[in-house]
Student: 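First the structure, which I've put down as C-alpha cells, then a few questions once you've had a look.
For the single chain, residues carry numbers from 1 onward in sequence order.
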Amino acid sequence: PCPLCCPQLEGLCSFLQLSTCPEHLLVRFCGWLLALTPDLSYTSATILAEQLFLRRVLSLTQPPSRHLMAALASFCSKYSQPFCRVLVAAVLQEPGEGAEQTKLVCELVEECLEPDSVRLVLSQVLELPLSEKLLPVVQAVLGRQVRGPLLSPPGFLASFSPAGPRTGSPSLLVALFQEVLPPELFDLLVLTLCRQAPAFATSLNYAKLVTAMLTMYQSQVS
C-alpha cells in the first residue's frame, strides 16, 4: 500500500483519538508500530511521536504511569531520532521548571535512547540558554558516557510492564566500551559551562556537573 501523506496521517490520528486514548491501548499500538514493515518514514514517525506523546508528556504533573513509560520506551527503541526532534525538544524549550518532564527526559537518556539520540539531546540542550532545568539532562548524558551504550531496550520495557519486571531477567545489557562525545560537541559543552559559570555560582547541580566533567575527562579539560 502507498504510504499516507502527512495530512492523511494527521487526520487518521485525530480520527483514532491517539492523543487521548487509554494508556494501556497506547502500549499495544506502539507494539503494532514496531512490527510494521517497512519501517515508518522519518516524517511519519515524527507525526506519530507528536500525536501519541506530546500532549501527555507536557501535561504531566506526577511521574508517568508504567503504561506510558512502556509506550515511550517502545517507540524510542526504533524511532528515537524523530522522538527527540519532537518531544524532547518541546520539553527542553517549555518555559518553567517542568520537573516531571525533565525527570522523564533524564530517564529516557539514561535507560532507553540510542547513543546517536543521546548526542542529539545534548546538542539540543546546548542550543538553548543553560538553566537549572537543563543541568540534570546534561548530567544524564554524562552518565551514559560512563556506562556505555544500551543493547537491550526490551529488558527496560519489561521493567515497566503492568506485571512488573520478570524475575531473573536483566533490564539492561551494557556494552564493554564507552560512548564517546564527538570532539566538537565536547568542546561546545566545556565552552558553555565555562561561559555560564558566573550565573551558577551557588548552584549545587552545576557544581556536581563540573565535578563529573573533571572526573571523567580530566586528561582533556585544562
Side-chain angles (χ1 to χ4, degrees), residues 3-4 9-10 12-14 16-60 62-92 100-121 124 137 140-141 144 147-175 179:
L4 295 174
L9 182 55
E10 290 172 343
L12 179 61
C13 291
S14 178
L16 295 175
Q17 298 182 320
L18 293 182
S19 63
T20 57
C21 73
E23 290 179 354
H24 71 279
L25 296 180
L26 190 63
V27 178
R28 295 175 61 182
F29 184 77
C30 287
W32 175 76
L33 286 179
L34 296 187
L36 283 178
T37 53
D39 293 347
L40 296 171
S41 69
Y42 187 95
T43 301
S44 295
T46 299
I47 292 171
L48 284 169
E50 179 178 355
Q51 294 290 326
L52 292 171
F53 300 117
L54 188 59
R55 180 186 299 181
R56 299 174 195 272
V57 169
L58 292 183
S59 64
L60 284 175
Q62 58 186 7
S65 68
R66 288 181 177 273
H67 284 119
L68 180 54
M69 282 303 301
L72 287 164
S74 177
F75 192 89
C76 286
S77 70
K78 196 169 188 177
Y79 300 110
S80 59
Q81 288 273 330
F83 177 88
C84 290
R85 290 288 184 189
V86 171
L87 197 136
V88 174
V91 168
L92 297 178
E100 293 301 332
Q101 289 78 9
T102 302
K103 289 178 185 176
L104 175 60
V105 169
C106 290
E107 192 159 2
L108 292 173
V109 166
E110 293 169 348
E111 307 290 355
C112 186
L113 296 181
E114 294 296 319
D116 58 343
S117 295
V118 173
R119 292 188 286 269
L120 173 58
V121 170
Q124 290 174 314
V137 180
V141 171
R144 280 291 296 268
R147 289 167 42 203
L150 305 179
L151 301 180
S152 184
F156 175 68
L157 292 179
S159 69
F160 284 102
S161 68
R166 289 172 289 186
T167 303
S169 176
S171 63
L172 298 173
L173 291 177
V174 180
E179 295 174 24

Student: Can you sort out the partners of E50 under side chain to side chain contact (heavy atoms under 4.5 Å, CB included), two or more places apart, ordered by chain and number?
Tutor: L54, V86
Student: If you look at every heavy atom in V109 and R144, which pair is closest and at what distance?
Tutor: O-NH1, 2.7 Å
Student: How close do R85 and Y42 get, heavy atom to heavy atom, and via which atoms?
Tutor: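 In this case the closest contact between R85 and Y42 is CG-OH, 2.7 Å.
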Student: How long is the span from the SG atom in C76 to the CD atom in E111, to the nearest 0.5 Å?
Tutor: 12.5 Å
Student: Is Q101 reaching over with its side chain to a backbone N or O of L60, donor-acceptor style, under 3.5 angstrom?
Tutor: yes
Student: Do side-chain atoms of Q124 reach the backbone of C84 as a donor and acceptor pair under 3.5 angstrom?
Tutor: yes
Student: Taking it one step at a time, do L52 and L33 satisfy side chain to side chain contact (heavy atoms under 4.5 Å, CB included)?
Tutor: CA-CA 12 Å; L52 292 171; L33 286 179; 4.0 Å; yes
Student: Look up atom CG in D39 and atom CG in L34, then write down how far apart they are to the nearest 0.5 Å.
Tutor: 9.0 Å
Student: Given L104 and L72, is the side chain to side chain contact (heavy atoms under 4.5 Å, CB included) satisfied, shown in steps?
Tutor: CA-CA 10 Å; L104 175 60; L72 287 164; 3.8 Å; yes
Student: Say you draw a straight line from CD of Q81 to CG of D116; how long is it, rounded to the nearest 0.5 Å?
Tutor: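 Going from CD on Q81 over to CG on D116, the span is 4.5 Å.
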Student: Which distance, rounded to the nearest 0.5 Å, do you find between the CD of E110 and the CD of E107?
Tutor: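 With rounding to 0.5 Å, CD (E110) is 7.5 Å from CD (E107).
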Student: Considering only heavy atoms from C-beta outward, does the side chain of Y79 approach that of C30 to under 4.5 Å?
Tutor: no
Student: Tell me yes or no: between the side chains of E114 and S80, is some donor less than 3.5 Å from an acceptor?
Tutor: no
Student: Given R56 and L26, is the side chain to side chain contact (heavy atoms under 4.5 Å, CB included) satisfied, shown in steps?
Tutor: CA-CA 11 Å; R56 299 174 195 272; L26 190 63; 3.6 Å; yes
Student: Output all residues satisfying side chain to side chain contact (heavy atoms under 4.5 Å, CB included) with R55, sequence neighbours left out; order by chain, then residue number.
Tutor: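 S19, T20.
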Student: Parallel, tilted or perpendicular for F75 and F83, by the 30°/60° rule?
Tutor: tilted
